[in-house]
Amino acid sequence: MRARRLPGMAALVTAGVVGLTGFGAGPASAAPTGAPAITTPAITAPAGAATTVKAPRKTLKLGAKGEAVAWLQRRLAELGYQPGKADGRYGGTTLTAVWAFQKVNGIIPTSTVASRTWTALESPRAPRVLVPNGKATRAEVDLTKQIMVLYLAGRPKLITHISSGSGIAYCETAVWQGKKQRFCGSARTPTGDYKTTWRKSGWHTSYLGRLYNPIFFNGGIAFHGALSVPLSPASHGCVRMPMNVAEVLPGMLGTGVPVHVRGAFRRG
């Protein structure tokens with residue numbers, strides 16, 4: 001799928017300006033889970049929920065307010081996305097949840113919520129399962145769509161927009177361990193099968209930038225919150241996610257949990 005850059009969108013999605021965001025460094029220890037392997041079912045409506053969902057179908061643009069926005073936020077949360085509080089205000093946090101939903105449902109991500117998105121919200125697709133025989137509790141990173149799905153007990157419980165490694169070679173100079181050093185690399189998020197290892201609460205400073213609530217899974221590569229999570233891959237290799245997602249993820253994703261990274265992003 002082709003991802004479009006939205007003019008001026010970065011200022012609305014970010015809460016500030018972040019410097020370099022990418023690899024971390026630190027010790028690793030893994031405790032594998034013993035959960036059985038199952039095939040993940042499609043998303044289903046919560047028990048007691050109405051079988052027919054009718055969207056308000058009012059075209060919404062970033063900055064919109066009102067009950068239609070609150071409906072959008074409640075519906076996204078119900079489906080496992082993370083739009084923030086259902087406060088009826090369409091801001092950057094809700095936008096990244098809209099992007100994730102649109103990508104899962106085959107819609108080119110945009111800030112406008114119109115007919116195709118409302119139709120998909122009424123009859124949503126489940127995320128494509130990358131590892132059909134994976135553990136019941138696992139994280140799947142789809143580099144092609146730039147999303148991460150966390151499965152708990154075999155069901156997708158958290159679906160989020162991400163920004164992975166840019167794939168662009170870099171050389172950065174930084175003060176690390178008391179002396180000025182130069183670091184070079186290819187800014188890749190490697191595909192493969194890994195497990196979550198160590199983590200840190202709050203901001204963690206690595207030699208390539210600052211990571212919020214990082215959860216490492218492949219050496220110095222981690223899931224972490226960032227103030228900038230654009231539509232295109234932009235990190236040094238880590239998996240960036242919106243700050244509100246990074247707030248809740250540590251309480252949902254334990255140590256030793258399988259992480260499967262698949263796909264490749266293709267720039268337009």
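As a basis for the values below, the full set of heavy atoms in this structure was taken, side chains included, without hydrogen atoms, waters or symmetry mates. Please read these numbers as outputs of a predicted model, since none were measured by experiment.
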Find out whether [X] and [Y] are in side-chain contact, i.e. whether some heavy atom of one side chain is under 4.5 Å from a heavy atom of the other.
X: R57; Y: T119; value: yes
X: Y212; Y: E247; value: yes
X: V259; Y: N218; value: no
X: F223; Y: V141; value: yes
X: P242; Y: T93; value: no
X: S228; Y: R240; value: yes

Any donor-acceptor pair under 3.5 Å from [X] side chain to [Y] backbone:
X: Y194; Y: T191; answer: yes
X: T144; Y: A264; answer: yes
X: R199; Y: G254; answer: yes
X: T196; Y: F217; answer: no
X: H161; Y: L95; answer: no
X: Q73; Y: D87; answer: yes
X: S163; Y: S232; answer: yes
X: S166; Y: P233; answer: no

Nearest atoms (heavy-atom pairs only) where [X] meets [Y]:
X: S235; Y: A187; answer: O-CB, 3.7 Å
X: G237; Y: I221; answer: O-CG2, 3.4 Å
X: P258; Y: T137; answer: CD-O, 3.5 Å
X: V131; Y: R138; answer: O-NH2, 3.6 Å
X: L211; Y: A222; answer: CD2-CB, 4.4 Å
X: P127; Y: I159; answer: CG-CD1, 3.6 Å

Check this for me: R89, atom CZ, are more than 12 non-hydrogen atoms of other residues, nucleotides or ligands nearer than 6.0 Å?
no
In terms of hydrophobic clusters joined by side-chain contacts under 4.5 Å, are I168 and I162 together?
no
Is F101 reachable from V53 through a run of I, L, V, M, F, W or Y residues, each pair having side-chain heavy atoms under 4.5 Å apart?
yes
Pairs meeting criterion ring pair (Phe, Tyr, Trp, His ring centres under 6.0 Å) with involvement of residues 106-126, two or more places apart
W71-W118
Measure the [atom1]-[atom2] distance between [X] and [Y] for me, rounded to the nearest 0.5 Å.
X: N105; Y: S123; atom1: CG; atom2: OG; value: 9.5 Å
X: E140; Y: Y151; atom1: CD; atom2: OH; value: 4.5 Å
X: R210; Y: H224; atom1: CZ; atom2: NE2; value: 12.0 Å
X: K157; Y: L150; atom1: NZ; atom2: CG; value: 10.0 Å
X: T117; Y: I107; atom1: OG1; atom2: CD1; value: 4.0 Å
X: L158; Y: L152; atom1: CG; atom2: CG; value: 8.5 Å

With no hydrogens and no angle check, just 3.5 Å: does a side-chain donor-acceptor pair link R188 and S164?
no
Do T160 and Q82 pair up side chain to side chain, a donor and an acceptor below 3.5 Å, judged on atom types alone?
no
Any salt bridge between K58 and E67, counting N to O under 4.0 Å?
no
Let's go through T96 and M241 carefully: what are the C-alpha distance in whole Å and the side-chain angles of both, what is the deciding distance for side chain to side chain contact (heavy atoms under 4.5 Å, CB included) to 0.1 Å, and is it a yes or a no?
CA-CA 9 Å; T96 55; M241 53 188 52; over 6 Å; no
Angle class for the H204/W198 ring planes (parallel below 30°, perpendicular above 60°, tilted otherwise)?
perpendicular
Using side chain to side chain contact (heavy atoms under 4.5 Å, CB included), reason through L249 and N213 one step at a time and then give a plain yes or no.
CA-CA 9 Å; L249 187 62; N213 279 357; over 6 Å; no
Passing option when K103 is tested against I147, I108, V98, D142 for side chain to side chain contact (heavy atoms under 4.5 Å, CB included):
I147
